[in-house]
Amino acid sequence: MAIGYLSIQARTAQEAVPLSGVQVSILDHQGSRIYDLTTDENGEVQAVPLETLDQSFSQNQYFAGVPFISYNLLAQADGFNSLYLSDIPVFEGETAVVPLALVPMQSLQRAPYQTEIEIGKPAVAMTDARSQEGTQAGLYVLRQVVIPKLITVHLGRPDANATNVQVSFPDYVKNVASSEVYPTWPDAALRANIYVMITFALNRIYTEWYPSRGYSFDITNSTAYDQYFVYGRPIYSSINRIVDQIFNEYVRRQGQNAPYFTSFCNGTTATCAGLSQWGTVTLADRGYTPLQILRSYYPNDIEIAQTDIVTGELSSYPGTPLRKGSTGLDVQTIQTYLNRIRRNYPAIPVITDNTGEFGNSTRAAVTSFQRIFNLTADGIVGKATWYKISSLYTAVTRLAELNSEGETLGIGSVPPSTVLRQGSRGPDVITLQYLLNVAAEYYPGIPRPVQDGIFGSGTMQSVTAFQRMMQLTPDGVVGPLTWEALYEVYQGIGQNIPQIGTIRYTVQAGDSLWLIAQRYQTTVNAIKSLNGLTSDLLNIGQVLRIPYKQASSYIEYTVRPGDSLWLIAQRYQTTVSAIKSLNGLTSDLLNIGQVLKVPGN
């Protein structure tokens with residue numbers, strides 16, 4: 001029996017927050033548990049082996065059976081809704097990385113809900129016909145081909161009442177490739193198919209195919225119209241590696257800038273005028289290069305073009321990889337980003353090199369980051385590593401800004417009593433937009449509205465998406481039920497999302513790294529990397545930074561004469577709103593002897 005592998009990455013808030021302690025069970029189709037696993041401080045479970053079929057079956061278009069063995073996965077964590085993935089295909093020699101985007105429970109929710117996602121067989125094994133339509137020439141809406149930072153995917157046919165989700169463009173391509181074809185195919189066949197998938201999506205974006213028809217998304221996951229996408233599916237190692245190398249490359253005709261409309265089908269149960277997916281395997285076995293394969297199905301003058309422009313990035317990829325010995329502003333940018341990211345991912349070692357100088361510690365930090373985020377761990381900042389670092393930096397800083405803004409706004413525990421609708425303006429609209437932005441960090445089906453205090457069409461889309469998610473009437477009117485649901489989601493996030501940071505600890509007699517790690521529920525390696533330690537030796541009086549995560553930690557405080565919420569908040573470095581929210585208070589009045597929960601250590 002052949003062996004494949006399954007690994008886990010449990011994170012939330014656009015990967016800004018790793019989730020440690022998630023209990024993961026891997027089951028066979030009879031429901032028997034094969035593994036019971038727990039995620040580490042990076043939210044990871046290392047790859048575990050599973051039995052499957054020989055890869056030759058998935059490389060033979062005439063094989064009548066299913067060329068893999070499927071498994072099921074159950075993920076559970078305190079304060080989060082459960083996630084159940086069924087029919088996960090495991091292929092020989094491939095590692096399937098499962099991204100567990102867990103959603104926090106609402107504040108009044110008594111028990112976790114369970115979301116079920118069926119992965120199933122790739123589209124190449126389906127019998128559905130393709131009827132893809134697109135534009136090859138003529139009027140193109142955008143002047144320049146760029147890689148979108150995010151792509152909006154409609155999870156259904158264009159006219160279906162389905163959810164829209166936003167994902168990064170590289171992650172979208174990895175998902176589509178893992179959903180469309182078998183990852184065991186020859187490298188040239190996989191590359192040819194991935195070029196087609198990248199170009200198909202860019203053609204949809206470049207021509208504004210769906211927005212020009214009145215839709216609020218870029219592409220669908222319907223195989224009849226577009227290409228397959230399964231939200232939450234595992235990504236295979238061979239596909240992950242190739243996409244990281246070529247996600248900003250696309251097919252065009254010589255002399256033209258526009259992405260060619262690369263229609264395709266499986267070439268067996270469905271035929272079409274475009275590329276045959278199974279045909280690429282035959283040609284790759286004959287020694288064809290990816291470009292030669294593509295020219296077998298499309299015009300002979302097509303070529304592979306590249307764009308280094310990514311919309312929405314804080315800074316563009318410099319065009320050449322950064323490695324040990326590199327110097328300058330680009331190195332400084334990467335060092336700044338990694339130093340911020342490591343607050344959330346303390347396993348990334350501290351950078352001690354001079355600012356702007358790519359030395360050993362910068363290389364170590366880059367390599368650790370690459371391992372955590374499933375990139376080639378070579379210590380070199382190529383385009384895939386650059387864009388991932390930039391994306392994670394954006395996610396962690398955006399989340400920190402939202403948390404800070406919530407304290408400034410003083411959200412409290414009682415929703416506003418106003419009824420808001422399109423055209424409304426004012427402070428309550430800003431509160432509404434803030435709550436929707438927070439929810440959008442954890443619920444991918446909610447678009448982020450602009451916080452301008454004006455209830456426009458963007459806010460309307462966010463409200464209706466939230467209402468659908470909460471099974472409320474999606475009328476776009478924010479009345480008592482919608483306000484209540486928004487506050488329950490917001491307070492649930494505050495109660496259940498781990499707060500990540502560090503504390504300062506002075507080494508005392510008898511201390512060891514192991515004892516300190518046990519005391520603060522972290523690891524020896526995390527403490528060593530955070531403090532740049534190369535050995536386990538400690539000195540009495542030595543000050544260490546200790547990574548800690550606490551989910552809604554609090555102390556109990558008994559109200560004394562002269563106390564007020566403001567004084568207590570100042571004493572424990574928190575806010576009045578945070579104390580009121582944690583205790584369900586609706587006023588500032590306190591009684592002597594009253595016991596309060598106060599956020600903090």
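Excluded from the calculations below are hydrogen atoms, water molecules and symmetry mates; all remaining heavy atoms, backbone and side chain alike, are included.
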Main-chain N/O of Pro49 paired with Tyr35 side-chain donor or acceptor, under 3.5 Å:
yes
Is there a side-chain contact between Trp386 and Lys383 (heavy atoms, below 4.5 Å)?
no
In the structure I gave you, are the side-chain heavy atoms of Glu15 and Leu392 within less than 4.5 Å of one another anywhere?
yes
Verify, without hydrogens or angle tests, whether Asn437 (side chain) and Gln433 (backbone) share a donor-acceptor contact under 3.5 angstrom.
yes
Rounded to the nearest 0.5 angstrom, the CG-CD distance for Asp171 and Gln14 is 10.0 Å
Are side-chain heavy atoms of Tyr487 and Ser413 found at a separation under 4.5 Å?
no
Could Asp244 and Arg241 be called an ion pair, given the rule that one side-chain N must be under 4.0 Å from one carboxylate O?
no
Dump the intermediate steps for side-chain hydrogen bond (donor to acceptor under 3.5 Å, both in side chains) on Ser237 and Glu94, then the final yes or no.
CA-CA 6 Å; Ser237 50; Glu94 287 288 331; 2.9 Å; yes
Any donor and acceptor pair, going by atom type alone, linking the side chain of Tyr434 with main-chain N or O of Leu402 inside 3.5 Å?
yes
Cation-pi check, Arg11 to Phe373: give yes when NZ or CZ is under 6.0 Å from the six-membered ring centre and within 45° of the ring axis, no otherwise.
yes
Are the side chains of Thr397 and Arg340 in contact, using a 4.5 Å heavy-atom criterion?
yes
Do any N or O atoms from the side chain of Thr333 and from the backbone of Leu329 form a donor-acceptor pair under 3.5 angstrom?
yes
Is the closest side-chain donor-acceptor distance between Thr362 and Gln335 under 3.5 Å?
yes
Could you grab the distance from atom CD of Glu92 to atom CG of Leu50, nearest 0.5 Å is fine?
13.0 Å
Among side-chain atoms of Asp563 and Tyr557, is any donor-acceptor pair under 3.5 angstrom?
yes
Please answer whether the main-chain N or O of Pro183 pairs with a side-chain N or O of Ser238 as donor and acceptor at a distance below 3.5 Å.
yes
Side-chain touch Leu596/Val559, heavy atoms, less than 4.5 angstrom:
yes
Tell me if a side-chain donor or acceptor on Asn539 pairs with a main-chain N or O of Gln542 at a distance below 3.5 Å.
no
State, with a plain yes or no, whether a side-chain heavy atom of Ile568 is found less than 4.5 Å away from one of Leu590.
yes
Under a 3.5 Å threshold, yes or no: a donor from one side chain and an acceptor from the other, between Tyr84 and Asn72?
yes
Going by heavy atoms in the side chains, are Val98 and Leu85 under 4.5 Å from each other?
yes
Just by modelled atom types, is the Gly445 backbone N or O under 3.5 Å from a matching donor or acceptor in the Thr163 side chain?
no
Taking atom types as modelled and ignoring hydrogens, do the side chains of Glu488 and Gln109 form a donor-acceptor contact shorter than 3.5 angstrom?
no
Interatomic distance, CZ@Phe80 vs CG@Leu83, rounded to 0.5 Å, equals 12.0 Å
Is it true that a side-chain atom of Asn344 and a backbone atom of Ala16 form a donor plus acceptor pair closer than 3.5 Å?
yes
Polar side chain donor-acceptor pair, Gln594 to Thr558, under 3.5 angstrom
no
Show the atom names and distances, to 0.1 Å, of all donor-acceptor pairs under 3.5 Å that link a side chain in residues 1-8 to residues at least two apart or in another chain.
none

Verdict with reasoning, Arg371 to Glu44, per salt bridge (charged side-chain N to carboxylate O under 4.0 Å, His left out)
CA-CA 11 Å; Arg371 289 197 186 100; Glu44 291 184 302; over 6 Å; no
Could you tell me which non-hydrogen atom of Ala440 sits nearest to which non-hydrogen atom of Ile446, and how far apart they are?
CB-O, 3.3 Å
Just how far is it from atom OG1 of Thr431 to atom CG of Leu436, taken to the nearest 0.5 Å?
11.0 Å
Side-chain donor-acceptor pair under 3.5 Å between Glu118 and Ser86, yes or no?
no
Flag side-chain contact, heavy atom, 4.5 Å: Leu27 against Ile34:
no
Apply salt bridge (charged side-chain N to carboxylate O under 4.0 Å, His left out) to residues Lys324 and Glu357 and explain how you reach the verdict.
CA-CA 8 Å; Lys324 187 177 177 181; Glu357 295 181 6; over 6 Å; no
Over 12 non-hydrogen atoms of neighbours within 6.0 angstrom of CG in Asp78:
no
Taking the six-membered ring for Trp, are Phe247 and Tyr387 closer than 6.0 Å centroid to centroid?
yes
Just by distance, do the side chain of Gln370 and the backbone of Gly379 share a donor-acceptor pair under 3.5 Å?
yes
